[in-house]
Amino acid sequence: MIAKEYADHLEVKDIRDFELDHIFDCGQCFRWEKNEDGSYTGIAFGKIVTMKYDKETETLKLFGSHKSDFDSVWYDYLDLGRDYGDIKKILADKDDVMRQAVEYGQGIRILNQEKWETLISFIISQNNNIPRIKKCINSLAETLGTKAGEYKGRAYYKLPTPEVLAEASQADLAPCRLGYRAKYLVATAGRIVEEGLESLEVLGGEEICGREALDALLCYCGVGPKVANCIALFSMKKFDSFPIDVWVRKVMNQCYGIDENDMNGMKEYAAEKFGEYGGIAQQYLFYYITHKKK
DNA sequence: GCCCAGGAGAAGG
DNA sequence: CCTTCTCATGGG
């Protein structure tokens with residue numbers, strides 16, 4: 001897959017099973033905003049970019065980015081090397097619920113996000129709603145992070161490093177309105193400073209199985225089963241992860257008849273039925289239950 | 001004004 | 001092991 005370089009943008013052709021609305025609005029990321037023309041602007045790995053996808057020509061355009069950024073960051077970030085058509089076929093054949101969910105969120109891709117960002121983002125996400133999670137994260141970046149650059153007159157900020165966050169006082173964090181989660185962040189940042197960011201990086205390796213990654217993640221303050229599964233899925237390529245939040249509980253109850261309080265039952269059902277693609281199935285279900293009109 | 005949100009930690013059984 | 005309570009904030 002090759003990105004062609006034009007005067008003011010890049011173009012990548014032959015991209016299928018792809019829809020920016022599905023990718024950026026399925027609850028896996030919090031730092032992308034939709035523009036009036038349907039494009040999205042955001043920041044990841046310290047790079048600001050605007051993406052626009054045209055379904056007719058199966059072409060993705062990237063503005064404000066260099067070809068080297070596509071090769072080193074965006075190709076992997078968007079998981080462009082994976083054939084979601086194959087995975088969707090496998091999942092859709094499981095039952096009519098999945099068939100509908102896959103059709104509904106046909107353009108979903110599991111992003112390969114930064115581990116540190118995903119760790120703190122999902123600590124913030126607990127018992128919180130998505131619009132407010134976005135506000136908290138942006139506020140954290142603007143308050144304690146560093147400026148990455150500007151795009152169309154707007155400034156974009158990187159999230160604070162573990163070192164900065166570990167040294168932050170509660171007064172420093174007060175403007176971010178994180179609530180009781182603020183102390184979880186500082187505690188986890190402190191541990192990351194002790195261990196080094198490599199302690200997170202190694203968990204993304206292929207030789208580390210999903211269960212191992214979860215066990216390691218559960219040791220961080222503010223990281224429980226649901227948050228650990230999100231981090232493993234959205235930043236470590238552990239596609240057998242199956243995050244269970246209130247929405248997944250709803251859809252598993254309504255569509256598969258599992259008791260709303262039986263988390264173990266849901267986990268086992270997903271492992272048995274969706275196996276290595278449990279996390280991807282979960283994202284189709286999440287998008288379906290949170291977007292379909294009643 | 002009220003219910004709830006991509007829950008986790010702590011305490012108690 | 002499992003259940004219940006508490007936590008801070010504001011979106012809808």
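The shown structure was predicted, so the numbers you read here are calculated from the model rather than taken from an experiment. Residue numbers start from 1 in every chain, and the chains themselves are labelled A, B, ... in the order their sequence lines are given, proteins ahead of strands. Reckoned from all heavy atoms, side chains included, excluding hydrogens, waters and symmetry mates.
Within the model, atoms OH of A:Tyr184 and OG1 of A:Thr188 stand 10.0 Å from one another, a figure rounded to the nearest 0.5 Å.
Sorted by first and then second residue, the salt bridge (Lys or Arg N to Asp or Glu O under 4.0 Å) pairs involving residues 121-134 of chain A (not counting sequence neighbours) form an empty list. Residue pairs meeting the salt bridge (Lys or Arg N to Asp or Glu O under 4.0 Å) criterion with at least one partner in residues 102-129 of chain A, sequence neighbours excluded, are A:Lys115-A:Glu201. Sorted by first then second residue, the salt bridge (Lys or Arg N to Asp or Glu O under 4.0 Å) pairs that include residues 63-78 of chain A, not counting sequence neighbours, are A:Lys47-A:Asp69, A:Lys67-A:Asp71, A:Asp76-A:Lys237. Among residue pairs with one or both ends in residues 23-51 of chain A, those qualifying as ring-ring contact (aromatic ring centres under 6.0 Å, His included) are A:Phe24-A:Trp32, A:Phe24-A:Tyr40, A:Phe30-A:Phe122; sequence neighbours excluded. A salt bridge (Lys or Arg N to Asp or Glu O under 4.0 Å) check over residues 245-261 of chain A, counting only residues at least two apart or in different chains, returns nothing.
The ring pair (Phe, Tyr, Trp, His ring centres under 6.0 Å) test applied to A:Tyr151 returns no partner, not counting sequence neighbours. Looking at residues two or more places apart in sequence or on another chain, you find no ring pair (Phe, Tyr, Trp, His ring centres under 6.0 Å) involving A:Tyr220. Among residues two or more places apart in sequence or in another chain, the side-chain hydrogen bond (donor to acceptor under 3.5 Å, both in side chains) test is passed with A:Tyr157 by none.
Contacts with DNA chain B (heavy atom under 4.0 Å) in residues 100-114 of chain A: none are found. Within residues 237-248 of chain A, the residues that place at least one heavy atom under 4.0 Å from DNA chain B are, in residue-number order, A:Pro243, A:Asp245, A:Val246, A:Trp247, A:Val248.
Side-chain contact between A:Thr41 and A:Arg154: absent, with no pair of heavy atoms (C-beta onward) separated by less than 4.5 Å. Counting heavy atoms from C-beta outward, A:Met266 and A:Tyr256 have side chains that stay 4.5 Å or more apart.
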Look for any protein N or O under 3.5 Å of an N or O in nucleotides 11-13 of chain B and output each such pair with its distance, or none.
none

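Residue contacts shown for A:Gly27 include a base, since a base heavy atom lies under 4.0 Å away.
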Inset, instruction - Sugar-phosphate means primed atoms, P, OP1 and OP2; the rest is base. With that split, encode nucleotides 6-11 of chain C 5' to 3' as B, S or - using protein heavy atoms under 4.0 Å. - result: -BBBBS
